[in-house]
Amino acid sequence: MPTIIFKATERCNANCAYCDVVHKKCVPDMSMDMLRLVLTRVDGYLKAKPDEHVNLTWHGGEVLMLGADYLNAAARLQEECCPSTKGRISHLMQSNLTLLTPELVAALRNLGITQVGTSYDPLDNVRGFGSARDSDSYNRRFFKGVSLLEESGMRWGLIYVVTKKSLAVPGELFHFLTNISNAVMINPVLVHGGNQPGLEITAEEYADFLGEMFKLWWPARDRYGMVRPFSEYYGYYVEKDPGLLCTRSGSCGHNHMYIGPQGQLSHCSASSDWDLVNYGNIEDTTIVEVFGRQKRKDWQERSAVLEAGDCKGCRFWGICHGGCPMDSLAVHGDLRHKSGWCAATKLFLEKYFEPITGLRYEGGCAHVN
């Protein structure tokens, strides 16, 4: 199922320390005419691919800055532009929740959005408002948004971004995050272009941070619920569950693309924010044509290149697939190399996951030691 990372706005009311968008000169919000064209292109793709569905993931910036009227207009345009294919379009959203109101909840439901992804950091001055990065007011509004989601019966999940500030308190952070959400994802901070001084961590630091958290998650995993990457790895080891994140799936070349506020096309949000990939503009091409271009084929063939190159003989290939292609593109200017974060995956699995669980992954199969 193709995932379209969809940015109708790059505006944001927050000033998070690790965000790439806040350092960009933001373009104007997507016009109604452009939104109509995007939905017409989605309709055309689904008509050409009658067995497919499309996941439209609203991203930003901060999506809620568009307002309820805009989101309701998007729902009406979908009815108009996709009358026979709308049942094969699903909508998700990533938001900081600080602007959420009952009117916006109703608008999200009107689009069919029943779950929301968000990010949070309890440490001071990582996420916040204004040049001083006011965390106190941000936190109050964040938890007000969470309460409104839960009162409305909407599900939500939380991303935590590990920065240099996080490294001293993995246990405290684990308990805090798992107490407020039963769906948590732990990601390393991604630094590109030197815009986030003092936040960068190494692959080894990230692996050890995960290891300290994993020691807490494993004995009470049923109580703590889904914490990625722990539950993801465990599912893969035990059940051969292929539900790997895009950064580890090795399949994003087949099923990801990005559409920006002015119709600009790229591979994903990071490739656009870092100005690494340009597929043209939705005004000049269809979604079917974008997925068929030679540039896309280079991404689709990356796995074969890595299996014969950087990742040859790695026993964790089925779990990692060389990591995010964007990391190779950002560092090397091409797709032929594994991500630097592969070292974190290998170290965490060998130093913590396998010794603690008693499992070992070898040749595509897990064994009990």
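Nothing fancy with the numbering, it's 1 onward along the sequence.
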| message | What verdict does the side-chain contact (heavy atoms from CB on, under 4.5 Å) test give for Asp20 and Leu190, after you've listed the backbone C-alpha separation in whole Å, the side-chain angles of each residue and the deciding distance to 0.1 Å? | response | CA-CA 9 Å; Asp20 292 298; Leu190 300 179; 5.8 Å; no
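- In this structure, the side chain of Arg36 does not engage the main chain of Gln78 through any donor-acceptor pair within 3.5 Å.
- Asn96 contributes no side-chain N or O that, together with a main-chain N or O of Glu62, makes up a donor-acceptor pair within less than 3.5 Å.
- Using a 3.5 Å distance cut-off with no hydrogens or angles, the side chains of Asn187 and Tyr160 do not pair a donor with an acceptor.
- The nearest pair of heavy atoms linking Gly318 to Tyr236 is O-OH, 2.9 Å.
- You'll find the side chain of Tyr18 reaches within 4.5 Å of the side chain of Val126, heavy atoms only.
- Transitive grouping of hydrophobic side chains (ILVMFWY, heavy atoms separated by less than 4.5 Å) keeps Ile159 and Leu92 in distinct clusters.
- Residues Gly260 and Met30 approach most closely at O-CE, 3.1 Å, considering heavy atoms.
- Using modelled atom types, one side-chain atom of Ser328 and one backbone atom of His337 make a donor-acceptor pair closer than 3.5 Å.
- Looking only at side-chain heavy atoms (C-beta outward), Met257 and Ile287 come within less than 4.5 Å of each other.
- The line from NE2 of His59 to CD1 of Ile259 is 14.5 Å long, rounded to the nearest 0.5 Å.
- Heavy-atom minimum distance, Leu99 versus Met65: CD1-CG, 3.5 Å.
- Both Leu123 and Val161 belong to a common hydrophobic cluster when Ile, Leu, Val, Met, Phe, Trp and Tyr are linked at side-chain heavy-atom distances under 4.5 angstrom.
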| So Lys164 and Glu205, salt bridge (charged side-chain N to carboxylate O under 4.0 Å, His left out) or not? Walk me through it. | CA-CA 9 Å; Lys164 185 69 76 174; Glu205 287 172 329; 3.2 Å; yes
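- In terms of modelled atom types and a separation under 3.5 Å, the side chain of Arg141 and the main chain of Leu97 share no donor-acceptor contact.
- Of the possible donor and acceptor atoms, one in the side chain of Thr101 sits under 3.5 Å from a partner among the backbone N and O of Leu104.
- Within the 4.5 Å cutoff, the side chain of Pro102 has heavy atoms near those of the Leu148 side chain.
- With rounding to the nearest 0.5 angstrom, the CG atom of Leu71 is 9.0 Å from the CG atom of Asn110.
- Put simply, the side chain of Glu79 never gets that close to the backbone of Arg76: no donor and acceptor are under 3.5 Å apart.
- Ion pairing between a basic and an acidic side chain is recognised when a charged N comes within 4.0 Å of a carboxylate O; Lys346 and Glu350 show such pairing.
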| request: Would you check, one step at a time, whether the test ring pair (Phe, Tyr, Trp, His ring centres under 6.0 Å) holds for Tyr138 with Phe129? | output: CA-CA 6 Å; Tyr138 182 97; Phe129 299 131; 5.2 Å; yes
| Step by step, would you call Trp341 with Tyr206 a ring pair (Phe, Tyr, Trp, His ring centres under 6.0 Å)? | CA-CA 9 Å; Trp341 294 106; Tyr206 178 55; 5.8 Å; yes
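- Checked by atom type, the side-chain pair Tyr279/Gln264 shows no donor-acceptor distance below 3.5 Å.
- Between Ala203 and Gly340, the shortest heavy-atom distance links the atoms CB-O, 3.8 Å.
- At least one donor-acceptor pair under 3.5 Å links the side chain of Lys7 to the backbone N or O of Gly60.
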| said: Would Phe214 and Ile186 count as a side-chain contact (heavy atoms from CB on, under 4.5 Å) here? Give the steps. | reply: CA-CA 11 Å; Phe214 186 70; Ile186 313 295; over 6 Å; no
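- Side chains of Asn55 and Pro2 form no contact here, defined as non-hydrogen atoms less than 4.5 Å apart.
- Follow the hydrophobic side-chain contacts under 4.5 Å out from Leu35 and you reach Ile113 in the same cluster.
- Atom NZ of Lys165 has more than 12 neighbouring heavy atoms from other residues, nucleotides or ligands inside a 6.0 Å radius.
- Between Tyr70 and Met32 the shortest side-chain heavy-atom distance falls below 4.5 Å.
- Two residues are said to be in side-chain contact when any heavy atoms from C-beta on lie closer than 4.5 Å; Leu173 and Pro122 meet this criterion.
- Remark: Leu210 CG to Lys351 NZ distance equals 11.5 Å, nearest 0.5 Å.
- Heavy-atom contacts from other residues, nucleotides or ligands closer than 6.0 Å to CG of Asp334 number more than 12.
- A donor and an acceptor atom, one from each side chain of Ser271 and Ser266, are located under 3.5 Å apart.
- Looking at Asn255 and Thr3, their side chains never bring a donor and an acceptor atom within 3.5 Å of each other.
- Grouping the Ile, Leu, Val, Met, Phe, Trp and Tyr side chains by contacts below 4.5 angstrom, directly or via other members, places Met185 with Leu216.
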| query | Under the side chain to side chain donor-acceptor pair (under 3.5 Å) criterion, do Gln94 and Trp58 qualify, and how do the steps go? | reply | CA-CA 6 Å; Gln94 186 74 20; Trp58 292 70; over 6 Å; no
| said: Run Ser231 and Trp217 through side-chain contact (heavy atoms from CB on, under 4.5 Å) and show every step you take. | reply: CA-CA 9 Å; Ser231 51; Trp217 180 80; 4.0 Å; yes
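- Cluster membership check: Trp317 does not share its hydrophobic cluster with Val305, using side-chain heavy-atom separations under 4.5 Å among Ile, Leu, Val, Met, Phe, Trp and Tyr.
- A salt bridge links Glu232 to Arg248: one of the charged nitrogens lies within less than 4.0 Å of a carboxylate oxygen.
- Of the possible donor and acceptor atoms, one in the side chain of Thr118 sits under 3.5 Å from a partner among the backbone N and O of Ser95.
- With values rounded to the nearest 0.5 angstrom, Asp43 atom CG is found 11.5 Å from Lys86 atom NZ.
- In this structure, CD1 in Ile4 is found 10.0 Å from NE2 in His91, a value given to the nearest 0.5 Å.
- You'll find the side chain of Val277 stays beyond 4.5 Å of the side chain of Tyr258, heavy atoms only.
- A salt bridge is defined here as a Lys NZ or Arg NE, NH1 or NH2 lying under 4.0 Å from an Asp or Glu carboxylate O, and Asp298 with Arg336 fails to meet this definition.
- Nearest approach of Cys16 to Arg127, heavy atoms of both residues: SG-CZ, 3.6 Å.
- Taking OH of Tyr120 as the start and CG of Leu158 as the end, the distance is 9.5 Å to the nearest 0.5 Å.
- Annotation: side chain of Arg228 is not in contact with side chain of Val184 (no heavy-atom distance under 4.5 Å).
- The two atoms that bring Ser131 and Asn15 nearest to each other are CA-ND2, 4.0 Å, heavy atoms only.
- For the residue pair Trp156 / Gln115, no side-chain donor-acceptor distance below 3.5 Å is found, with atom types taken as modelled.
- For the pair Asn125 (side chain) and Arg133 (backbone), a donor-acceptor distance under 3.5 Å is present.
- At least one cation-pi condition fails for Arg221 and Phe230: the charged atom is not both under 6.0 angstrom from the six-membered ring centre and inside a 45 degree cone around its axis.
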| Please walk me through it: do Asp208 and Phe348 pass side-chain contact (heavy atoms from CB on, under 4.5 Å)? | CA-CA 7 Å; Asp208 287 334; Phe348 168 72; over 6 Å; no
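- Of the possible donor and acceptor atoms, none in the side chain of Tyr224 sits under 3.5 Å from a partner among the backbone N and O of Trp218.
- Around CG of Asp310, the count of heavy atoms belonging to other residues, nucleotides or ligands within 6.0 Å exceeds 12.
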